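The figures here come from the full heavy-atom set of this structure, side chains too, leaving out hydrogens, waters and symmetry mates. Lettering follows sequence order; numbering is per chain, from 1. Model, not experiment: these values are computed from the prediction.
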Protein chains: 4
Amino acid sequence: MSGTPTFKRLPRAVREQQMLDAAVRVFSRRGFHTASMDEIADAAGISKPMVYAYLGTKEELFVACLQREGSRMMAAIAGAAAPDLPADERLWRGLRAFFGFVGAHRDGWAVLYRQARGERPFAAELAAMRTRLVEVVAGMLDHALRAKGREVGATDLEVVAYALVGASESLADWLADHPEADPEKTATRMMNVAWLGADQLLRGATWHPPEA
Amino acid sequence: MSGTPTFKRLPRAVREQQMLDAAVRVFSRRGFHTASMDEIADAAGISKPMVYAYLGTKEELFVACLQREGSRMMAAIAGAAAPDLPADERLWRGLRAFFGFVGAHRDGWAVLYRQARGERPFAAELAAMRTRLVEVVAGMLDHALRAKGREVGATDLEVVAYALVGASESLADWLADHPEADPEKTATRMMNVAWLGADQLLRGATWHPPEA
Amino acid sequence: MSGTPTFKRLPRAVREQQMLDAAVRVFSRRGFHTASMDEIADAAGISKPMVYAYLGTKEELFVACLQREGSRMMAAIAGAAAPDLPADERLWRGLRAFFGFVGAHRDGWAVLYRQARGERPFAAELAAMRTRLVEVVAGMLDHALRAKGREVGATDLEVVAYALVGASESLADWLADHPEADPEKTATRMMNVAWLGADQLLRGATWHPPEA
Amino acid sequence: MSGTPTFKRLPRAVREQQMLDAAVRVFSRRGFHTASMDEIADAAGISKPMVYAYLGTKEELFVACLQREGSRMMAAIAGAAAPDLPADERLWRGLRAFFGFVGAHRDGWAVLYRQARGERPFAAELAAMRTRLVEVVAGMLDHALRAKGREVGATDLEVVAYALVGASESLADWLADHPEADPEKTATRMMNVAWLGADQLLRGATWHPPEA
DNA sequence: AATGAATGAGAATTCATTCAT
DNA sequence: GATGAATGAATTCTCATTCAT
């Protein structure tokens with residue numbers, strides 16, 4: 001009656017992960033706006049006030065999801081694409097890790113990502129992540145170029161990297177929508193597009209608009 | 001009292017366009033869920049029931065926006081990339097038209113597009129549009145390849161096209177977020193990425209994953 | 001361009017009947033509140049303002065329906081149950097006319113009636129009709145009683161008549177819900193209940209509550 | 001500050017009853033469509049969302065009212081008309097209980113009932129209740145008939161029962177509209193009508209339509 | 001006589017969020 | 001640490017009704 005109520009009094013850290021798991025699941029399947037805090041609390045097997053107590057506002061909760069999933073992804077990529085590998089090897093491993101992650105977390109990241117893109121309040125968060133990615137890719141390219149004794153303007157580099165990242169994201173979307181598709185194969189395809197283009201770039205080939 | 005008519009009681013066709021204009025504006029700035037029908041009606045300078053009477057549900061209204069903007073964009077691209085031009089010329093003109101359109105309709109398309117991606121109910125609509133685009137691009141590539149006496153599997157072709165479209169969309173997003181950026185220049189950059197990659201492809205170069 | 005527009009400019013009386021027909025149909029199928037003026041105008045093949053011009057408010061329109069159908073029914077019954085017939089003959093003919101009418105107008109009266117019962121604003125209208133009916137029935141009974149040299153208090157008479165009318169309405173409801181049922185047979189059954197009871201009454205039999 | 005608790009934060013069961021009470025009151029006085037959820041919430045002294053949380057949709061709420069009142073009434077009748085009593089005694093007690101209930105719940109049942117009859121979505125619910133009643137009455141009659149060694153076709157029995165129930169409902173309506181009327185007396189009157197008719201039936205008297 | 005255009009007002013329903021226990 | 005109870009504030013959508021032509 002008084003003693004220790006041996007319920008499920010879990011330590012905060014554990015509860016938080018449970019909640020995030022549930023939130024990612026629900027947000028993914030239903031979208032940020034369509035998902036309700038009730039749903040999430042239910043899915044987490046916990047009462048709403050707890051969600052608020054631990055993770056704050058719906059918006060904050062979403063950001064927390066975004067960040068957890070984001071860093072997991074970055075970690076997966078970074079872990080695979082060690083900086084001391086040759087450029088093509090790094091790119092390949094990075095892509096494989098990326099698509100592998102998306103394939104394994106279809107529910108999680110790809111859709112969260114899709115959500116985040118559309119909802120204004122998360123643009124910043126997302127832009128930050130993408131920027132980190134773009135920087136990594138741009139870094140790879142730059143490194144490779146310098147190795148060949150060549151150099152390209154920073155903006156150009158960035159735009160190319162941006163395009164590659166964009167293409168990858170697009171294929172990731174596609175992958176998320178095609179559960180039967182093979183992440184590895186998708187990575188290979190992306191690598192083909194990316195590498196062939198990048199390779200040209202490395203060789204100094206450029207296309208110029210015809211004079212009007 | 002006599003002068004200019006005070007803009008009341010306009011014919012349906014006119015009002016519908018006004019409403020669509022307003023809706024595109026509001027949805028763009030606020031997002032599908034955040035935008036309210038009240039807001040849109042206000043922005044259109046008309047009462048809510050008229051919006052419902054002419055364009056239906058909020059969802060239907062959004063689809064109407066999507067379709068109007070979508071076909072405008074397709075028209076712009078199709079008008080620019082005449083099928084009888086050489087492949088690189090077509091690609092270039094198509095890209096220029098695309099980025100030109102996005103640049104001129106930052107408010108409209110790019111953001112609508114961004115919205116549509118995230119909201120489940122519009123996935124189909126959007127997928128349809130993207131598919132049309134992918135097909136056009138894949139067609140270009142195929143045409144060019146055959147001209148060189150080469151051929152590539154349909155899926156591979158599609159994925160490459162998909163990646164190119166994805167990259168373009170990404171840059172379009174970027175463009176929409178950078179009002180100072182120059183559409184033409186962005187098109188040139190995209191063309192570089194796309195063409196260099198495609199060119200390789202045309203030559204038959206391929207990248208293969210190293211054996212595990 | 002100017003001459004007489006030979007459209008469907010129908011005389012008012014005709015239009016009004018068209019509208020009432022449509023209104024009865026729609027109200028029947030959808031209920032007073034659920035039916036919309038739009039629906040009714042559509043069903044009548046006419047524009048809403050015309051409905052308002054000719055038949056007024058929704059409520060007034062409903063009353064008009066009620067009255068038209070009500071007098072048709074009363075006419076049918078009165079036409080059948082001539083006052084110079086013997087009491088049982090009158091009752092039988094009256095019932096047959098009543099159930100015949102309901103059977104033929106399932107859509108119209110029975111449901112309108114059902115509607116009217118529930119909606120406060122029409123209670124008066126309906127009560128008036130029912131009262132007329134109750135009076136007729138009470139008259140029949142009284143006439144028959146007097147013929148036998150007996151007499152019954154006015155209230156008692158009214159209540160009995162009320163009960164008979166109620167029972168008939170109930171069976172009418174049942175009939176309206178069972179399209180396959182035979183009106184004539186239903187009338188016979190009601191006649192059995194009514195006449196047997198009334199006959200007893202005519203003989204002076206009465207039931208008294210046991211002393212508590 | 002300390003004294004009587006200010007009636008806040010009541011347990012669910014209590015609140016639900018409060019809400020049902022309020023809903024019955026409001027629906028009765030205003031009708032299903034005319035009543036607004038706001039009104040009901042107000043009448044219950046609680047906020048709208050609680051009503052939705054506990055009792056669901058307006059329609060569901062109405063059904064809940066219908067059921068609560070319906071079972072109360074059935075309980076009252078069943079409690080009074082014990083199955084081991086002789087037929088006339090049972091009928092009399094049942095009727096007395098019925099009219100007593102209606103008299104005491106004018107606000108509640110009679111009007112709810114009146115509402116339910118008219119609104120399509122509740123037809124089923126109501127038909128179910130009425131069927132239970134009809135079965136009880138038919139059972140009584142059948143029992144009495146068999147006791148006299150007689151038997152009547154099931155349909156005939158049902159129709160007679162239906163008519164009796166209909167007559168009672170009609171008188172109940174009348175009672176609900178005449179607050180000054182005495183339930184007991186009304187029951188007596190109904191008993192007269194019912195019993196006299198039934199008694200005839202028991203004796204085997206029948207009325208036949210004259211040959212056309 | 002007839003109608004397309006237009007709206008004020010209101011209704012149901014949902015949600016993020018917070019007390020009181 | 002944990003929750004059932006509670007609500008203010010929106011939001012979508014519908015409708016009866018009326019002008020202006």
- request: Name the nucleic acid region contacted by B:Met37, choosing base, sugar-phosphate or nothing; use a 4.0 angstrom heavy-atom cut-off, strictly under.
  value: sugar-phosphate
Distance in angstrom units between A:Glu60 CD and E:dA16 C1', rounded: 12 Å
Check: C:Arg15 main-chain N/O paired with C:Gln18 side-chain donor or acceptor under 3.5 Å: no
- request: With the side chain of C:Ser47 defined as its heavy atoms from C-beta on, choose the nearest nucleotide among E:dA11, F:dC13, E:dT3.
  value: E:dT3
- prompt: Are side-chain N/O atoms of B:Glu119 and B:His33 paired as donor and acceptor at under 3.5 Å?
  reply: yes
message: Can you work out whether C:Ile46 or D:Ala35 has the more 5'-proximal nearest nucleotide on DNA chain E?
response: C:Ile46
message: Of the listed nucleotides (F:dT12, F:dG4, F:dT18), which one gets closest to any side-chain atom of C:Tyr52?
response: F:dT18
field: Opposite nucleotide pairing with F:dT21, Watson-Crick or G-U, both atom distances under 3.5 Å
entry: E:dA2
query: At under 4.0 Å, does any side-chain N or O of C:Tyr54 touch on OP1 or OP2 of E:dA2?
result: yes
message: What is the distance, to the nearest angstrom, from the CG atom on B:Leu10 to the C1' atom on F:dT21?
response: 14 Å
statement: note: C:Phe32, atom CZ; F:dT14, atom P; distance rounded to Å ~ 19 Å
- prompt: Heavy atoms under 4.0 Å, any strand shown: does D:Arg12 hit a base, just sugar-phosphate, or nothing?
  reply: sugar-phosphate
query: So does D:Asp173 pair up with D:Arg106, basic N to acidic O under 4.0 Å?
result: no
task: Starting from the 5' end of DNA chain F, give me the residue, B:Arg30 or D:Pro11, whose nearest nucleotide shows up first.
output: D:Pro11
query: How many Å lie between CG on A:Leu61 and P on E:dT17, as a whole number?
result: 10 Å
- prompt: Between E:dA9 atom P and D:Asp38 atom CG, what is the distance in whole Å?
  reply: 17 Å
message: At 4.0 Å (heavy atoms only), tell me whether D:Ala41 reaches a base, stays on the sugar-phosphate, or touches nothing.
response: nothing
query: Does D:Arg15 have a side-chain nitrogen or oxygen under 4.0 Å from the phosphate oxygens OP1 or OP2 of F:dG4?
result: no
message: Given 3.5 Å as the limit, does a donor-acceptor pair link the side chain of A:Glu39 with the main chain of A:Ser36, or not?
response: yes
- prompt: Is it the case that A:Lys58 places NZ or CZ above or below the six-membered ring of A:Phe32, under 6.0 angstrom from the centre and within 45 degrees of the axis?
  reply: yes
query: Are any side-chain N or O atoms of B:Glu60 and backbone N or O atoms of B:Thr57, one a donor and one an acceptor, separated by less than 3.5 Å?
result: yes
field: Spacing between C:Met19 atom CE and E:dA1 atom P, to the nearest angstrom
entry: 11 Å
query: Whole Å only: how far is the CG atom of D:Leu55 from the P atom of E:dA12?
result: 15 Å
- line: Separation of E:dT14 atom P from D:Lys58 atom NZ, nearest Å, is 14 Å
message: Starting the side chain at C-beta, find the nucleotide from F:dG1, E:dA16, F:dC15 nearest to A:Met50.
response: F:dG1
field: Of A:His33 and D:Thr57, the one whose closest DNA chain E nucleotide lies more 5'
entry: D:Thr57
message: Need to verify one output field. Residue with the more 5' nearest nucleotide on DNA chain F, D:Ala13 or B:Lys48?
response: D:Ala13
